[in-house]
Visitor: 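Got a structure here, written out as structure tokens. Questions coming.
Quick note: numbers below take in every heavy atom, side chains included, and nothing from hydrogens, waters or symmetry partners.
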Amino acid sequence: MAQSNKPNIIIVVPCYNEEEVLRETAKRLGNVLDRLRAAGEIAQASNILFVNDGSRDATWDIVVELHASNPSTFTGISFAANRGHQNAVMAGLMEARGRCDATISIDADLQDDVEVIADMVQAYRQGAEIVYGVRNSRSTDTFFKRTTARGFYTLMRLMGVNTVYDHADYRLLGSEALDALSEYTETNLFLRGLVPMLGYQTAVVKYDRSERFAGESKYPLKKMLLFAVDGITSCSDMPIRVVGVAGAVISALGGIWGLIALLLSLFGHGPRATTTLIIVLLLMTGLVLCALGIVGTYVGKTYIQAKRRPRYRVAEKLLPAEARVGKGQSACEG
């Protein structure tokens, strides 16, 4: 079913220490909005919503400056503290929800091609409720980044997590998808896994990803590994089942080894007891510690979820005149 001919679009841009690139980001996104408005593709009320994720530089000052220069196009909300990229995206989506026909989330680093926003809007107008921005290739990535990214998506699939290959958080969500997403209240957010669960009609637009316009990547190896763990534990219990299977397999192997050792000893060729004991102890200790670590991760996340603490707290808002304005608002985790 076709959507509105002139949808009201809000572009959500999570920002963390992006002072070096933010003005250029605002310029390029503003130009895209202006062209789409002039062509009658989107509503005049369409705007850009910057989400300041507790930046320590001048990011929020720049957002304030942009809003003062053009309050109908540049808006923003600012967290009281840094709460992470996924929470920043979610906050922007939930702030935009109810005030637009669709949102488009995009990172501030200008690696994602802003020109395909027009293609996303077109796909939405033709009936797609969710439109994924997907890379054509990873030619601009380093060998390490390319290898780890492919390993990440492969691991997600092995763990049973439904993700779109080579898609990050560059996507369009219609109002129905936003309403559905608002019902997911878990603390351990992994939007790349949650959005495919929504089950609406989807479309894909492809683009060539560029290098960062300025600044440094906010996802070093440590954060990438933690993000992968969050993704798996948020959407799959496969690691716990794998540990259970591994325990059963090792127990079976231990039984077989014991039987072989008994038979060999009957013919005077049995292995030395000390060697066998050390091997068994090492294997079992390693398995137990690994199992405790995996189960402990799930228990820890359940403990945090049970506290029902807010995902984030909004300290300040800069919104269009017709939108509700307030301070100190929070979003509860459940």
Visitor: I want to check something: taking the side chain as every heavy atom from C-beta on, are Glu129 and Leu198 in contact at a cut-off of under 4.5 Å?
Guide: no
Visitor: Once rounded to the nearest 0.5 Å, what's the spacing between atom OG1 of Thr202 and atom CD1 of Ile130?
Guide: 7.0 Å
Visitor: According to salt bridge (charged side-chain N to carboxylate O under 4.0 Å, His left out), does anything in residues 247-258 pair up with another residue at least two apart or in another chain? List the pairs.
Guide: none
Visitor: Under a 3.5 Å threshold, yes or no: a donor from one side chain and an acceptor from the other, between Thr73 and Arg37?
Guide: yes
Visitor: Quick check: closest heavy atoms across Ser46 and Ala43, and the distance to 0.1 Å?
Guide: OG-O, 2.9 Å
Visitor: Nearest 0.5 Å, please: how far is CG in Leu318 from CH2 in Trp60?
Guide: 4.0 Å
Visitor: Considering all heavy atoms of both residues, which atom of Glu65 and which atom of Arg23 are nearest to each other, and what is their separation?
Guide: OE1-NH2, 3.0 Å
Visitor: Closer than 3.5 angstrom, by distance alone: can the side chain of Thr75 be matched with the main-chain N or O of Leu319 as a donor-acceptor pair?
Guide: no
Visitor: Between Thr59 and Glu18 (side chain of the first, backbone of the second, donor and acceptor by atom type, cut-off under 3.5 Å), is there such a pair?
Guide: yes
Visitor: Would you check, one step at a time, whether the test side chain to side chain contact (heavy atoms under 4.5 Å, CB included) holds for Val51 with Val89?
Guide: CA-CA 8 Å; Val51 182; Val89 175; over 6 Å; no
Visitor: Please check this pair: side chain of Arg83 against backbone of Arg311, looking for a donor-acceptor N/O pair closer than 3.5 Å.
Guide: yes
Visitor: Of all the heavy-atom pairs spanning Met197 and Tyr184, show the shortest one and how long it is.
Guide: CB-OH, 3.9 Å
Visitor: How close do Cys100 and Thr103 get, heavy atom to heavy atom, and via which atoms?
Guide: SG-CG2, 3.7 Å
Visitor: Do any N or O atoms from the side chain of Ser105 and from the backbone of Asp169 form a donor-acceptor pair under 3.5 angstrom?
Guide: yes
Visitor: What are the two closest non-hydrogen atoms of Leu49 and Ala96, and how far apart are they?
Guide: CD2-N, 4.5 Å
Visitor: What's the spacing between Arg192 CZ and Gln86 CD if we round to 0.5 Å?
Guide: 6.5 Å
Visitor: Rounded to the nearest 0.5 Å, how far does CD1 of Ile9 lie from CD1 of Ile11?
Guide: 8.0 Å
Visitor: Enter the distance from Leu93:CG to Ile10:CD1 here, rounded to the nearest 0.5 Å.
Guide: 10.0 Å
Visitor: Between Arg209 and Gln111, is any side-chain donor less than 3.5 angstrom from a side-chain acceptor?
Guide: yes
Visitor: For Ser78, does its backbone N or O pair with a side-chain atom of Glu316 as donor and acceptor, under 3.5 Å?
Guide: no
Visitor: In a check of side chain to side chain contact (heavy atoms under 4.5 Å, CB included) between Ile106 and each of Asp112, Val12, Ile48, which one passes?
Guide: Asp112
Visitor: Give me the ring orientation class for Tyr207 and Tyr170: parallel if the planes are under 30° apart, tilted from 30 to 60°, perpendicular past 60°.
Guide: perpendicular
Visitor: If you take all heavy atoms of Ser182 and Met94, which pair is closest and at what distance?
Guide: CB-SD, 3.6 Å
Visitor: Is it true that a side-chain atom of Asp107 and a backbone atom of Asp109 form a donor plus acceptor pair closer than 3.5 Å?
Guide: no
Visitor: Is it the case that the side chain of Glu41 and the backbone of Val121 share a donor-acceptor pair, with hydrogens and angles ignored and the cut-off at 3.5 Å?
Guide: no
Visitor: Pairs in or reaching into residues 45-61: which pass salt bridge (charged side-chain N to carboxylate O under 4.0 Å, His left out), with residues at least two apart or in two chains?
Guide: none
Visitor: Students often mix this up, so state it plainly: with edges at 30° and 60°, are the rings of Phe50 and Phe74 parallel, tilted or perpendicular?
Guide: parallel
Visitor: Are Arg35 and Glu115 packed together at the side-chain level, in the sense that at least one heavy-atom pair is separated by less than 4.5 angstrom?
Guide: yes
Visitor: Do the non-hydrogen side-chain atoms of Leu181 and Arg97 ever get within less than 4.5 Å of each other?
Guide: no
Visitor: Under 3.5 Å, is there a donor-acceptor pair between the side chain of Tyr124 and the main chain of Asp101?
Guide: yes
Visitor: Rounded at 0.5 Å granularity, tell me how far CD1 in Ile77 sits from OH in Tyr312.
Guide: 6.5 Å
